[in-house]
Structures are given as C-alpha cells and as structure tokens.
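Working notes, beginning with the structure itself.
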Amino acid sequence: MQKQVDRLHKNAGRAWTRPASRSLLREIKKNGIAYLFILPAMVGIFAVILVPLVQAIVISFKRYYILDILREDPPFVGLANYAAILSDPQFWYSLKITIWFTFACVALTMLFGLLIAILLDQDFPGNNIVAVSVLVPWVIPRVASSILWKWIYDDQFGILNYILSKIGLKSFASFPWLARAGSAFWAVIIVVVWQSVPFVAVSLLAGLKTIPNEVYEAAEIDGAGFWQKTTLISIPMLRNLITILIVMSTIWDFKVFDQMFVMTEGGPAGSTMVLGIYTWMMAFGRLQMGLASALAMIMFVLVMIVTAIYLKLLMREETL
Amino acid sequence: MTAKSKFSRLSVVLGVVLLIMTMTVGIASGATTLEVWMMETGNPDGAKAFFNAVNTEFEAAHPGVKVNLSWIPWLGAQQKFLTSITGGIAPDVAELGTTWTPDYAYMGALEDVTERINALGYASEFVPALVESATLDGKLYGLPWYAGNRCMIYRKDWLEEEGIKEFPKTWNEFIEVTKKLTKDLDGDGKPDRFGFSVNGGSQHEFMPLIWMNGVEIAIQTDKGWKSNVDSPEAIEAIRLFADLYLKHKVSPEGSVTWSVLNSRKAFTTETLGIVIDLPLLVDRFQNDNPNLKGKIGVAPIPAVKQTASFTGGSNVVMFSQSKKKDLAWDYMRLLLEPKHQLAWADLVKFFPARTSILKDPSIANDPVLSVYADNLKYGRTYPAIHQWGQVENTKILITAMQEILLEKKTVEQSMTDLAKAMNLLFGYQE
Amino acid sequence: MRNPRSGHRALLKYAVIYVAAAAVMFISLFPFLWMISTSFKPTSETFTRIPRLIPKNPTLDNYRMVLGETMIPKYFLNSLYVAILTTALSIIVASLGAYGFSRFRFPGRSPALIMILGVQMFPSQVIIIPLFIVMKNLALLNTHKSLLVSYTTFTLPLTVWMLKGFFDEIPRELEEAALIDGCSKLGAFTKIVLPLSLQGIVASAIFAFIGAWNEFMFAMTFINLEELKTMPVGLTSFFGRFTVEWNPLMAASVLFTIPSLVFFALVQRNLARGLVAGAVKG
C-alpha cells in the first residue's frame with residue numbers, strides 16, 4: 001500500500017506541475033470525464049463527512065454547552081477546551097485503558113487470526129465446514145452479539161459460569177463478569193476479539209494462498225518445522241497485509257463504542273470508560289459539545305500518529 | 001462515437017445516481033399536524049389504544065388537525081430531544097421525565113406554562129414532587145401528568161416461614177429480615193437465595209437513604225447549589241445501605257452492576273426476597289411467574305430516621321419552538337381530564353398527578369395501590385436544577401456506589417469525591 | 001514409498017489439526033447456538049441452575065411474541081430495505097469512483113484519495129450533531145434517505161480503496177482494445193472492467209450490507225417515527241424499562257442475524273479472495 005501511496009505522490013506531482021504551462025480550465029476540461037467518475041463519491045463525502053467534520057473542528061474551539069445555545073451563540077474560547085481535557089485525570093485514565101484495550105484486542109485478534117488462517121490453509125477433510133463456521137461471529141450484528149454475550153456472562157444463569165463450574169472451576173459459580181473492574185474489561189475484549197477474528201483470519205488465509213507451495217516444500221527439504229515455516233516464510237511474506245490489518249484493527253478498536261455501550265456503559269465504577277464512551281458521555285451526558293469535539297480531535301490525532309508510525313516502520317524495513 | 005456523446009451518456013448515469021442520493025424534499029401535507037412525543041411504556045399495545053382514543057377525541061374537537069404521535073425509547077431519548085431542539089425541529093408536545101424537565105427549561109426550550117396552569121382551577125391538587133420537578137426559578141415549565149413512587153415489594157410467604165408477621169418498620173429490623181431470607185439452599189457453601197439486592201447500577205434505591213437520614217442531597221447556598229453527600233449524615237446513610245452488601249452479605253455478588261431490570265428478574269425467578277420498586281411490578285411479577293400469586297406483599301420503605309422514596313413520573317411539556325401553542329395546550333389539558341388520568345394510571349400503574357383523583361375507589365380500595373398512594377406524601381425528588389441531568393447522565397452517583405461496593409474506596413472517600421464531582425457540575429466553588 | 005516415521009508425523013499432524021479445528025468451531029459456533037437455543041426455550045427453562053443446549057420443551061412462543069406483538073417485523077423490513085439500497089448505491093458510486101482513481105491521472109487525485117482514506121479514522125459520535133443539522137437542512141430527517149445517504153458515504157472509504165485495488169490489476173490493454181473497437185469509456189468500464197472484478201464487487205457489497213445492517217447511532221438520531229425505525233434501534237428498545245427478557249430478545253436477535261447469514265452464505269465462495277486480492281499485492 002505504501003508503494004501505492006508513493007506512486008500517488010509521484011503522479012500527483014506530475015499532474016500538478018503540468019498546469020503551469022497550460023491553463024487550469026483546459027486541465028479540468030481534459031480531465032472532465034475523470035471528475036465525473038469520482039463526482040458522486042466526492043459529493044457524498046463532502047456533504048456527509050467533510051462539512052460536519054469542519055463544523056466539529058470549529059465547535060472544539062467554542063464553549064458549546066448545549067443547554068446554553070438557544071440563548072447565545074457559543075463563544076470562541078481558543079484552546080481552553082483542549083487545555084481542560086489535557087488537565088482532566090479522567091482523560092488520562094481513559095487514554096491509558098483505551099491503549100491497553102486496543103493493544104490487547106489487536107494482539108489477540110492478530111494472533112488468533114493468524115493461527116486460524118494457518119489451520120484453514122492446511123489440507124484436511126472438513127476444511128470447508130471449519131472455514132464457514134469461522135465466519136459466524138462476523139455475521140452476527142454487533143448490537144445482537146453484545147446482547148448475546150451479556151446473556152452468556154450473566155452471573156446467575158449465564159452458560160459461561162455453568163461451563164466453568166462444571167469443569168471444576170467451582171469459584172466461577174455465579175461469578176459477576178461484568179460487575180468486577182478487571183473481568184468486565186476482559187469480558188468486552190473477548191467479545192470484540194471474537195467478532196474481529198473472522199475478518200483477519202479470512203484476509204490472512206487469502207494471503208497465505210498466494211504463497212506458492214514450492215516455497216514451503218523447499219523449506220521442508222531444508223528441515224524446517226512448522227514454527228520455522230510460519231516465522232521465516234508466512235509472516236515475512238505477508239508483512240504488507242499484516243501491517244494493513246494491524247492498522248485497520250487499531251483504528252477500529254481504538255474507537256470501540258457499540259459493544260462497550262451495550263455491555264458495560266463504561267462501568268463498573270468507570271473502569272471500562274474508554275475514550276469512545278468518554279467522548280459520548282461528554283457530548284450527551286455532560287452536554288459539553290465543545291469539550292467532546294476537542295476529545296474527538298485528540299482521538300483523531302492519536303489514530304493518525306499510530307497509523308503514521310506503522311507505515312513508517314513498514315517503509316523502513318522495505319528499503320533496508 | 002464522439003467524445004461529446006460519451007460525455008453525455010456518462011452524465012445521464014451520474015445524474016441518476018445523484019438524483020437517488022439527493023432526492024430529498026417530501027411534499028408537506030396541507031392539514032395542520034400536532035407533533036406529539038410520548039415515552040415508550042411497558043405496555044405498548046395498551047398505550048397505543050389509549051392514545052388512539054385520546055387523539056380521536058382531540059381531532060373530533062379540532063377539525064382539520066391531525067395528531068402525529070411518536071414513541072420515544074428511553075435509551076437514547078436525551079440525545080433525541082437535544083438534537084431535535086438544537087436542530088429546530090422539536091415536537092409541539094412531549095412527555096418529559098421529571099428529572100429532565102429542569103434541563104430543557106433552563107435551556108429555554110420549554111414554554112413557561114405558569115399562567116395557563118394557574119387558570120386550570122385545580123393547580124393546588126398536584127402531587128408536590130411533580131410540581132417541584134417542573135419548577136425553575138418560580139415558574140412552571142411542565143404540566144404534571146403522572147407520578148410513580150417506590151415501596152418495598154416482598155415475599156410474604158418467605159417472611160412467614162421465618163415467623164415474621166409484619167414487614168419491618170425500621171431499617172435495623174429490615175437488615176435482620178434480609179439476613180434471615182438469605183439462604184444457601186443447595187448446600188454448596190454459597191448463598192443462592194438473597195434477602196435484598198443493592199442494585200449498584202441504579203440510584204433510586206440508595207439515594208433516598210440520605211433523605212431518610214434527615215438531610216438533603218444538595219443544598220442551596222448564597223454561592224449556588226452545593227452537594228451535601230459528604231455530610232456525616234449522608235455518609236452514615238450510604239454506609240447503612242452498602243453494608244447490606246459488604247457486611248451483611250444479603251445481596252448477590254453481581255448486584256454491584258445490577259439495575260432494577262436485574263433485581264426484577266431475580267424476584268421473578270424466586271432468588272430474591274425483597275425489592276424496592278414501582279407499583280406496576282406487583283402485577284408483572286405474578287404474570288411472569290404464576291407461582292408468585294398471593295405470595296407478594298407491599299410495604300413502605302423502613303425508616304432510618306424517617307421514610308422517603310424517590311418519586312419520579314412525567315410532566316407534559318410544550319416546546320417554545322411550537323407554532324401551535326394553544327392547540328398544544330388543549331392537548332395537554334385533555335390528558336389531565338379525570339377519565340384519561342384514571343385510564344392512563346390504570347394502564348401504566350402509576351398515579352394521576354391530581355391528588356383528588358387518588359380518592360377514586362379504583363385506587364383507594366386496591367390493596368397494592370392504596371399502600372403506594374398513602375406514601376406519595378413521603379415522595380421526594382432530586383434537586384430541580386439543570387445540572388442534575390448531567391449528574392445522572394455521567395453516572396457519578398452510580399460510580400461512587402460501585403467504588404464503595406468494590407472496596408476501591410471507603411464510604412468517606414467515595415462520598416467526598418462524589419461531592420467534588422457534583423460541585424464541579426453545579427459550578428459551585430468554595 | 002513412506003517410512004513409518006513420516007506416517008507417525010502425519011498422524012500427529014492430523015491429530016493437532018482436528019483438535020484445533022474442533023476448538024475453533026466450538027468457540028465460533030457455540031455462542032450462536034446458545035442464542036438459537038435460548039430463543040426456543042420457555043422462561044422456565046431459561047432461568048434454571050442446570051441449563052441445556054437442546055430445550056426440553058421447545059416453544060415458538062418467543063417468536064410468536066416477537067413477530068405478532070411487537071414492531072420487530074416492521075423494523076426488520078426497514079433494515080432490509082435500507083441495507084439493500086445502500087449496498088446497490090454504494091457499489092455504483094464506489095465502482096465509478098474507484099475506476100476514476102484507477103484509470104485517470106488528474107489534478108487533486110492524490111489529496112482526494114488520501115482524504116477518502118483519512119475520513120474513516122474520525123470517531124463518528126462527534127460529527128453526529130453537525131450531521132444532524134445537515135440532514136435537517138436537506139429535509140432528510142425521518143426518512144430512510146438520510147440513512148441511505150450517510151451509510152453509503154461511510155462505506156465509501158473502504159469500498160473505493162478496495163475496488164481501486166482490483167481495477168489496478170486489470171490490464172489497461174483490454175480496455176484500450178475495446179476503445180479502439182468503438183466502445184465508450186463508460187462502455188469499457190461496464191463491459192470489460194466490472195465483470196473482471198466481480199470478486200471485489202462482492203467483497204464491497206458485503207461491507208456495505210453489513211455496515212448498513214449493523215448501524216445504530218445514526219439510525220437512532222435521524223429516525224423518530226416508529227414505522228421507519230431499523231432493527232438495531234428496535235432491538236435496544238427491547239431492553240425495556242421493566243425487566244430483562246432474554247428469550248424474546250434472543251428470538252429477535254436470531255431474526256436480526258438471518259439476513260446477514262444468508263448474504264454471507266450466498267457470497268461465501270467469492271469472499272476470501274475478494275477481500276484482499278487488492279491489498280495483498282499492494
């Protein structure tokens with residue numbers, strides 16, 4: 001993907017240098033058909049994403065208390081919202097647990113995704129049935145699966161506690177998964193990972209299929225076992241794909257909202273108050289849209305930084 | 001083929017796409033419509049039938065007017081109201097929960113109806129807690145509609161098994177009863193039947209103990225509203241409640257995050273002996289589990305220094321954006337007619353806002369409703385200030401209780417922190 | 001000829017594979033089966049100390065209640081309507097856009113592409129109030145069009161990039177040949193490029209459909225009218241004010257899952273390659 005981006009830059013550079021000698025009008029006319037092709041997409045993105053986005057940026061510099069806006073135009077307060085957020089201990093706590101949450105989700109998703117992809121890449125009777133089963137968690141709508149897991153985690157009648165106490169873990173009889181700070185955090189991680197693994201596994205499987213068998217066979221002749229084949233062949237050859245999947249998962253998990261909202265609403269005692277929920281609370285709980293927008297901008301910048309770091313790492317390794 | 005025709009063919013395709021994307025304005029119909037929003041109820045069919053009747057009556061009395069009724073789910077309702085108000089498309093009339101009324105009144109979104117209410121002739125009859133909730137700076141911004149208070153709903157048969165004839169009147173006696181009801185029935189060393197649930201996920205059960213111990217949750221000072229939850233009496237009250245879980249262990253382990261939804265389920269499934277809840281639950285428990293028929297009793301909440309109960313309910317409000325205020329008022333007034341008050345009260349098992357209607361035999365002679373109705377006079381409501389919505393929305397009350405139950409903080413520490421958090425929202429500075 | 005040692009190893013390998021496969025299938029399927037099981041149970045079998053996967057007295061009461069006494073059927077049809085239209089619309093818009101980006105070099109191309117990629121990083125809960133105002137100004141509130149427009153747009157970042165990856169792989173020579181034969185650009189696109197990227201289109205369709213079928217926050221904010229609500233919002237109203245009703249809740253969840261299940265089943269064959277064929281080579 002980085003190559004694509006590089007190519008883009010080059011092409012864009014070329015395209016932009018040309019109009020200097022010709023008129024801009026002629027350029028537009030010449031490319032008219034190209035603009036027509038992308039027009040519907042750009043109109044949509046402009047009206048539905050960019051315009052509100054710019055408004056949200058403006059709001060982040062205003063004291064925008066919803067209960068005050070009918071009375072007065074929200075006044076500009078400069079960077080006050082950002083200063084307030086950065087000096088708010090809850091923000092730092094939320095940031096910390098959001099990073100942990102994202103890290104745990106991405107790591108577990110990639111690990112299980114890769115293991116399942118490798119499993120599905122093997123040739124064995126029944127492979128198809130397993131491949132289809134793996135997709136099921138992805139198919140269940142997020143709201144429905146969050147409700148389903150809440151039922152599974154139920155302390156009194158949940159099936160999880162029943163199974164655990166049946167296999168000898170007596171202390172899990174009526175264990176309140178969503179009522180303890182630590183276990184609630186992990187309970188949501190399990191649900192998010194459960195739902196994200198299929199996409200990663202299927203993507204990695206498609207990647208594995210592109211590695212020619214001869215490569216593995218050659219390695220086997222050299223005496224490579226499963227571990228060597230995976231770490232020395234599969235992972236390096238899929239590095240681009242893995243990087244893209246990590247970036248995408250990081251973005252998705254960093255913004256987590258639905259599952260957390262349905263299952264814990266940030267509780268118990270604020271222990272699962274990730275940034276996505278905290279932002280929502282700030283907007284629709286405290287009604288401080290200015291602070292909420294500032295929070296969202298900070299989240300946005302953090303995601304951009306993470307993405308940039310990943311891409312940078314990828315690029316460096318490629319040039320080496 | 002020329003470039004021009006290629007171009008135009010593409011344009012047609014794109015035109016169609018854009019048309020689908022931007023096809024927008026529906027043509028407004030000619031009739032006057034009154035937009036009405038009501039909160040969803042536990043009995044949707046009954047509620048629909050009730051409003052069909054009300055709307056038919058209203059439309060018959062106002063030819064050419066059509067009532068457009070929307071049902072708003074409680075989850076996400078706050079967001080829906082706010083976005084509609086800021087977007088300038090608030091309805092004409094809406095039902096608002098009592099704790100939300102001050103928010104929107106402060107916002108300027110609600111019409112001041114003081115004069116209209118005073119002209120009704122029965123303004124002095126309203127349940128006091130409702131009037132308190134609809135008042136901001138001495139003006140009324142909502143028409144009290146119905147009230148719901150909480151009492152103790154308990155297993156009569158379980159109490160009798162323990163030789164207890166009468167439901168306790170004091171909190172200390174109550175503790176002893178809950179201890180007796182908590183039992184390990186299957187002998188695995190862990191109790192599987194509980195006396196009570198502390199419901200760390202909902203505040204209406206534990207906050208009233210502060211009133212019951214003789215103090216207010218927040219007090220008005222010359223510097224504005226100030227939280228009072230860190231007063232010794234409030235701390236003592238909260239400790240009494242938390243001890244049910246921490247010390248007496250009469251409450252299920254998971255009840256740290258339980259809300260009434262969970263304690264109701266536990267009561268239905270016969271794993272819980274006593275809940276604090278609304279009158280309509282008595283019927284529901286018996287419907288959901290026929291085995292409970294005849295085994296349920298109701299009683300006032302046992303007193304610490306006195307008894308008290310959170311009394312919520314709803315007001316009907318008129319939005320200041322409405323261009324049909326007189327029509328809106330006619331509609332609101334219609335809901336307060338005795339026959340509609342009684343029908344609605346019967347349907348949702350709440351109480352009419354007009355206390356004169358409480359004397360109706362359908363309430364006064366009902367063994368359950370009469371207990372609740374008698375206790376309406378002990379009903380209290382949270383401070384009617386616009387920041388209260390934020391106190392509830394940000395869940396700081398629940399968080400404080402959960403921190404105590406999880407033993408992350410002592411009662412003193414947690415209540416001191418809660419007072420700070422509340423004062424921050426109130427804008428109070430020492 | 002095989003030596004016995006490699007026979008042992010093959011056996012061991014199969015043992016490991018089947019144990020792993022069994023574990024994977026259990027974890028993937030069991031929660032879903034539990035959802036189905038609960039949806040067929042009467043309340044008396046749900047709140048019991050000894051749960052069973054196969055109900056002793058299976059009942060259709062929960063489904064009867066959900067289908068007969070609630071608005072769920074209406075929500076369901078609304079969701080289906082919105083999701084199908086979103087899928088169709090976003091395939092059209094995204095494939096046009098992706099083709100434009102893949103085949104033409106024009107001023108502003110690179111910033112536009114990066115912008116498309118960038119917008120999906122923004123937390124959507126904050127643009128909801130400004131977006132609400134936009135929708136209000138376009139008189140789109142309380143219409144399915146508001147959802148159609150926003151869902152289509154929010155799927156574009158992914159679908160445009162995905163389809164562009166596919167189009168990039170199709171040799172230009174094929175279209176050039178068609179152009180020489182008198183085909184228009186659009187004709188070359190619809191007759192040559194689209195059929196060759198069927199897998200990519202299928203993958204994009206999945207994303208669009210699942211995205212629209214899942215979405216909760218916009219639907220909750222833009223739609224007030226009961227008869228226009230979609231499934232995720234409708235399902236949460238089931239959480240209710242009064243008590244937790246797991247059995248009908250699970251029945252409604254099963255119904256909610258069926259369309260995406262069917263959709264996946266239909267396109268499953270094309271799914272694996274379609275998802276990443278573009279990205280792998282990237």
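Keep in mind that what you see is a predicted model, and the values were worked out from it rather than measured. For the numbers below, each heavy atom of this structure counts, side chains included, while hydrogens, waters and symmetry mates do not. In the text below, chain A, chain B and the rest are named by the order of the sequence lines, each starting its count at 1.
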Worksheet entry | Interface moiety of A:M282 toward chain C, non-hydrogen atoms closer than 4.5 Å | neither

Discussion item. Looking at C:L33, I'd like to know if its CG atom is crowded, meaning that more than 12 non-hydrogen atoms belonging to other residues, nucleotides or ligands lie closer than 6.0 Å.
Written reply: yes

Worksheet entry | Under-4.0 Å salt bridge between A:D154 and A:K150 | no

Worksheet item: Between A:I305 and A:V301, is any pair of side-chain heavy atoms under 4.5 Å apart?
Response: yes

Practice prompt. Could you tell me how the ring of C:F26 sits relative to the ring of C:F30: parallel (under 30°), tilted (30 to 60°) or perpendicular (over 60°)?
Written response: parallel

Worksheet item: What part of A:I163 lies closer than 4.5 angstrom to a heavy atom of chain C: side chain, backbone, both or neither?
Response: side chain

Worksheet, complete the sentence: Note: vs chain A, highest number of non-hydrogen pairs under 4.5 angstrom among C:L261, C:I17, C:V24 is C:I17

Response to the item:
Highest number of heavy-atom pairs under 4.5 Å with chain A among C:I210, C:V16, C:T38 belongs to C:T38

Worksheet item: Is the count of non-hydrogen atoms from other residues, nucleotides or ligands lying under 6.0 Å from A:F46 atom CZ greater than 12?
Response: no

Worksheet item: Among C:A22, C:S260, C:G97, C:P51, which residue forms the greatest number of heavy-atom pairs with chain A at distances under 4.5 Å?
Response: C:P51

Discussion item. Out of A:V134, A:L160, A:I159, return the one with the most heavy atom pairs under 4.5 angstrom to chain C.
Written reply: A:I159

Worksheet item: Taking A:L148, A:V130, A:L120, A:I152 one by one, which has the highest count of heavy-atom pairs under 4.5 Å against chain C?
Response: A:L148

Practice prompt. Heavy atoms only, distances under 4.5 angstrom: which of A:D258, A:V51, A:L50, A:I59 has the most pairs with chain C? Name it, please.
Written response: A:L50

Practice prompt. Please determine, among A:A47, A:P137, A:S60, the option with the most heavy-atom pairs under 4.5 Å with chain C.
Written response: A:P137

Worksheet entry | Partner set under side chain to side chain donor-acceptor pair (under 3.5 Å) for A:S145, not counting sequence neighbours | A:Q195

Worksheet entry | Contact origin within C:M250 toward chain A - heavy atom pairs under 4.5 Å | side chain

Worksheet entry | Which portion of C:T46 sits near chain A, non-hydrogen atoms under 4.5 angstrom | both

Practice prompt. Taking C:N214 for its side chain and A:R142 for its backbone only, find out whether a donor-acceptor pair lies under 3.5 Å.
Written response: yes

Worksheet item: Contact part of C:I258 toward chain A, heavy-atom cut-off under 4.5 Å: side chain, backbone, both or neither?
Response: neither

Worksheet item: For the residue pair C:F76 and C:W213, does the interplanar ring angle fall in the parallel (under 30°), tilted (30 to 60°) or perpendicular (over 60°) class?
Response: perpendicular

Worksheet item: Side chain, backbone, both or neither: which part of A:I140 has a heavy atom under 4.5 Å from chain C?
Response: both

Discussion item. Could you work out, with side chain to side chain donor-acceptor pair (under 3.5 Å) as the rule, every residue matching A:T250, not counting sequence neighbours?
Written reply: none

Discussion item. With no hydrogens and no angle check, just 3.5 Å: does a side-chain donor-acceptor pair link C:Y151 and C:E215?
Written reply: yes

Discussion item. If we define contacts as heavy-atom pairs under 4.5 Å, which of A:F112, A:W151, A:F157 has the most with chain C?
Written reply: A:W151

Item to complete: Check whether C:F101 gets within reach of chain A through its side chain, its backbone, both or neither, counting any heavy atom under 4.5 Å.
Response: both

Worksheet entry | Contact class of A:F124 relative to chain C, heavy atoms under 4.5 angstrom | both

